[in-house]
Amino acid sequence: MSVVALTTRPARSGRPDRAVPPRPRTAPTLTITVDLGAGPLTPGLARLAELLDELAASGEALVSPDEHRAARTVLDLRRAAAAPPPPAGGGVRILTGTRRVRLGDAEITLTRIEYDLLLFLAEHPRRVFTRLQLLANVWGYEHAVARTVDVHVRRLRAKFGPDTPLVTTVYGVGYRLADDAAIVVDRDA
């Protein structure tokens, strides 16, 4: 259902004014097709799907967009059915339709970048991202100071307070969603 093509990528320069010619292909393309079937995912197949998704998110793989969206929907539905409900009253709910975030009954006002950062981390739990990966995936470019991410993480933490764990710092690497973060991404609201 999901097709991932792994190829060698052209080298990218950190500066936009320097064009780097693409490297000649040194390795063959590997195309992987995963049939998710109708039954429950085995632990091995679920892990393989997560790894392929991580490769696609990091830019290390090219993914067929339509098939990838369909596969992500199937995986998200299966995860939602297996996930325990969030704690009553104290959980964070991200409403993607209206781009609002609620902490219990209170609405938390976030900037566009803070919202996108929180949503990105919530969609990729248990995965550590470097500052440059977050700049590329959330901001959409890598040409900013990497410490920009630190500022937005600090503001997110301040808005939710010390009693609501959201983002964990992995020293020397980057950031990830906290293990005990009670976050629900609500795509219907």
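Numbers here simply count residues along the sequence, with the first being 1.
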field: Heavy-atom pair with the smallest gap, counting every atom of Leu117 and Val153
entry: CD2-CG2, 3.9 Å
- request: Check the pair Leu110 / Phe160 against side chain to side chain contact (heavy atoms under 4.5 Å, CB included), numbers first and verdict last.
  value: CA-CA 10 Å; Leu110 300 179; Phe160 284 92; 4.1 Å; yes
query: Who are the salt bridge (Lys or Arg N to Asp or Glu O under 4.0 Å) partners of Arg102, not counting sequence neighbours?
result: Glu107
- request: Report the residues that fulfil salt bridge (Lys or Arg N to Asp or Glu O under 4.0 Å) with Arg157, sequence neighbours left out, ordered by chain and then residue number.
  value: none
message: Can a donor-acceptor pair be found, under 3.5 Å and without considering hydrogens, that links the side chain of Lys159 to the backbone of Thr109?
response: yes
query: Sequence neighbours excluded, which residues qualify as side-chain hydrogen bond (donor to acceptor under 3.5 Å, both in side chains) partners of Thr111?
result: Glu114
- request: Report the C-alpha separation of Trp139 and Thr148 in whole Å, then their side-chain angles, then the decisive distance to 0.1 Å, and conclude whether the side chain to side chain contact (heavy atoms under 4.5 Å, CB included) test is met.
  value: CA-CA 10 Å; Trp139 277 256; Thr148 301; 4.1 Å; yes
message: Listing request: all ring-ring contact (aromatic ring centres under 6.0 Å, His included) pairs with a residue in residues 92-115, at least two apart in sequence or in separate chains.
response: none
field: From OG1 (Thr164) to CD1 (Ile108), nearest 0.5 Å
entry: 8.0 Å
Hey, can you pull the donor-acceptor pairs under 3.5 Å for the side chains in residues 172-185, sequence neighbours left out?
from: Tyr175; atom 1: OH; to: Asp150; atom 2: OD1; distance (Å): 2.6
from: Arg176; atom 1: NH1; to: Asp179; atom 2: OD1; distance (Å): 2.8
from: Arg176; atom 1: NH2; to: Asp179; atom 2: OD2; distance (Å): 3.4

message: Using 0.5 Å steps for rounding, measure from the CG atom of Leu135 to the NE2 atom of His152.
response: 9.0 Å
task: Determine, stepwise, if the pair Val101 / Leu95 fulfils side chain to side chain contact (heavy atoms under 4.5 Å, CB included).
output: CA-CA 6 Å; Val101 177; Leu95 310 169; over 6 Å; no
- request: Answer with yes or no whether the hydrophobic clustering places Val170 together with Leu156; edges join I, L, V, M, F, W, Y residues whose side-chain heavy atoms lie under 4.5 Å apart.
  value: no
task: Give the intermediate values and the outcome of salt bridge (charged side-chain N to carboxylate O under 4.0 Å, His left out) for residues Asp116 and Arg99.
output: CA-CA 9 Å; Asp116 290 343; Arg99 293 186 60 90; 2.9 Å; yes
task: Nearest 0.5 Å please: distance from the CZ atom of Phe120 over to the CD atom of Gln133.
output: 7.5 Å
Joint hydrophobic cluster, Leu134 plus Leu132, side-chain heavy atoms closer than 4.5 Å: yes
statement: Using a 4.5 Å side-chain heavy-atom cut-off and chaining through intermediate ILVMFWY residues, the residues clustered with Tyr171 come out as none
